[in-house]
Number of protein chains: 2
Amino acid sequence: MSHPTAPLDARHLRPAGRATRAAIEEAGRRLFGSHTYEEVSVRAIAAEAGVDPAMVIRHFGSKEALYLRSIDTSLGVGAVIDGPVETLGRRIIAYFLDQRDSPIGKRHAGLVQASYRQQVRAELNRHTRVRFVDAIAPRLAADDAELRVALMVAQLGGFLTMLFVQQDPLITDADPDQVIVLYGDSLQRLITG
Amino acid sequence: MSHPTAPLDARHLRPAGRATRAAIEEAGRRLFGSHTYEEVSVRAIAAEAGVDPAMVIRHFGSKEALYLRSIDTSLGVGAVIDGPVETLGRRIIAYFLDQRDSPIGKRHAGLVQASYRQQVRAELNRHTRVRFVDAIAPRLAADDAELRVALMVAQLGGFLTMLFVQQDPLITDADPDQVIVLYGDSLQRLITG
DNA sequence: GTCTATAACCAGATAGAC
DNA sequence: GTCTATCTGGTTATAGAC
């Protein structure tokens with residue numbers, strides 16, 4: 001009989017592990033990319049990847065951990081930030097108003113929904129610091145530049161939540177150009193006096 | 001023996017129904033008042049009220065419906081809004097910075113967390129209109145007053161989320177007076193040019 | 001017929017045995 | 001690496017008491 005301890009030949013540990021892990025990560029990226037945190041179940045990810053639900057946990061520890069790996073917290077805003085700071089306000093609002101039918105809205109909604117989780121919060125704070133504060137504050141003259149940028153992120157977040165989550169018709173149905181001017185300039189004044 | 005059909009005296013239908021219903025609502029108000037939507041379970045509400053979990057659903061239809069009844073969406077901001085519009089920006093920020101150790105933060109966090117639910121969103125939008133737009137816009141000169149107030153609500157919401165949910169140290173550890181001036185004036189400029 | 005309560009159902013997340 | 005069991009949570013079916 002095959003003794004359990006020592007099969008010398010069964011040394012093909014295989015790409016087995018790697019393949020399923022990759023499949024799970026890929027499935028997570030697809031689902032979390034276009035659906036909200038709560039909308040995506042571990043079972044759904046497993047089904048999409050063609051593996052058992054337990055594998056998801058086994059490989060990533062938790063649904064939250066996989067979520068953190070899968071999501072792009074930047075929402076694609078990098079290029080906008082790299083542009084001139086003097087016009088950042090209007091450009092960033094215009095950018096997001098342009099994403100209304102893209103999956104970015106869903107992604108933001110997912111982040112908001114998941115933000116009560118400690119690790120997600122930590123990642124968002126890290127993101128604020130790296131992508132916004134460190135990228136923008138050095139380009140500003142004010143000595144309270146870091147606080148100004150952090151407050152700008154707060155203000156921007158409020159807009160995104162209103163646009164993508166709360167979807168108040170007062171704003172979603174408003175003239176985009178008017179919103180760009182009003183809110184964009186408000187953002188702008190916060191960072192550049 | 002006591003026949004089941006006809007006790008003429010047993011006409012004390014009593015506060016029976018009313019009493020449990022009230023107890024459940026009271027328990028919901030207590031728990032939702034200081035905890036997040038997801039943190040509060042139907043079972044916990046039932047235990048607090050001393051009734052069976054099924055009663056919660058039977059009387060209110062769903063956890064979400066009870067939540068909507070229990071929560072005070074105004075976050076106590078009414079008095080601040082009723083003050084002079086010319087200084088609303090700084091006053092409203094000062095008010096919320098002052099609530100850091102009150103349950104209001106938890107309440108806001110709960111609202112954010114629950115805002116992916118359609119009915120909660122609808123209630124929040126209604127609240128925006130009634131408590132903010134209808135209360136403030138008529139006192140402004142601008143012809144785009146309604147949009148300005150709606151955008152101000154978005155901006156305020158971003159601040160509250162940063163303060164109470166995300167709790168970014170860049171903002172929670174900042175000098176409150178500085179925040180009041182920077183963000184308060186930013187809010188102010190949005191509504192009064 | 002209305003109020004209550006027990007139990008059960010279903011989905012979700014995760015731990016543990018094989 | 002796979003499946004089963006467990007735990008929690010929202011909700012429903014259902015049967016009994018008034």
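Lettering of chains follows the sequences in order, A, B, ..., and the numbering in each one begins at 1. Predicted model, so just to flag it, every value in this text is computed and none were measured.
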Worksheet item: Excluding sequence neighbours, so at least two apart, what forms side chain to side chain donor-acceptor pair (under 3.5 Å) with A:R121?
Response: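 Scan of A:R121 (side chain to side chain donor-acceptor pair (under 3.5 Å), adjacent residues dropped) gives none.
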Item to complete: Could you pull out all residues at least two apart from A:T87 that satisfy side chain to side chain donor-acceptor pair (under 3.5 Å)?
Response: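 A:T87 satisfies side chain to side chain donor-acceptor pair (under 3.5 Å) with A:R91 only.
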Practice prompt. Would you please say whether a donor-acceptor pair under 3.5 Å links the side chains of B:S186 and B:Q155?
Written response: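 Short answer, yes.
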Worksheet entry | Atom CG of A:D175 with >12 non-hydrogen neighbours under 6.0 angstrom |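 More than 12 within 6.0 Å, yes.
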Worksheet entry | Heavy atoms of other groups near A:R69 CZ, more than 12 under 6.0 Å |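 At most 12 heavy atoms, drawn from other residues, nucleotides or ligands, come within 6.0 Å of this atom.
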Discussion item. Quick check on side-chain contact (heavy atoms from CB on, under 4.5 Å): which of B:T172, B:I92, B:L163 does B:L97 satisfy it with?
Written reply: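 That would be B:L163.
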Discussion item. Could you work out, with salt bridge (Lys or Arg N to Asp or Glu O under 4.0 Å) as the rule, every residue matching B:E86, not counting sequence neighbours?
Written reply: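 Once residues adjacent in sequence are excluded, B:E86 has no partner under the salt bridge (Lys or Arg N to Asp or Glu O under 4.0 Å) criterion.
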Worksheet entry | Five-pair end axes of the helix from C:dG1-D:dC18 to C:dC18-D:dG1 and the angle they enclose, rounded to 10° |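 Nearest ten degrees gives 30° for this helix.
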Whole-Å gap separating [atom2] ([N]) and [atom1] ([X]):
X	N	atom1	atom2	answer
B:I57	D:dT11	CD1	C1'	6 Å
B:F60	C:dT4	CZ	P	11 Å
B:E39	D:dG9	CD	C1'	15 Å
A:Y37	C:dG12	OH	P	13 Å
B:L66	D:dG10	CG	P	11 Å
B:L31	D:dG9	CG	P	13 Å
A:E38	C:dA11	CD	C1'	13 Å
A:R117	C:dG12	CZ	C1'	11 Å

Fill in: Distance (rounded to the nearest 0.5 Å) between A:I81 CD1 and A:L88 CG
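Going from CD1 on A:I81 over to CG on A:L88, the span is 7.0 Å.
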Worksheet item: For the side chain of A:R58, counting heavy atoms from C-beta on, which of D:dT2, D:dG10, C:dT14 is nearest?
Response: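 Output: D:dT2.
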Worksheet entry | Which nucleotide in C:dG12, D:dT2, D:dG9 has an atom nearest any side-chain atom of A:T20 |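 Between C:dG12, D:dT2, D:dG9, the one nearest the side chain of A:T20 would be D:dT2.
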Practice prompt. Just jot down the ring pair (Phe, Tyr, Trp, His ring centres under 6.0 Å) partners of B:Y37, sequence neighbours excluded, or say none.
Written response: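 Counting only residues at least two positions away or on another chain, B:Y37 forms a ring pair (Phe, Tyr, Trp, His ring centres under 6.0 Å) with B:Y67.
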Fill in: Near-strand residues of residues 42-55 of chain A, defined as heavy-atom separation under 4.0 angstrom from DNA chain C
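Heavy-atom cutoff 4.0 Å gives A:V42, A:R43, A:A54.
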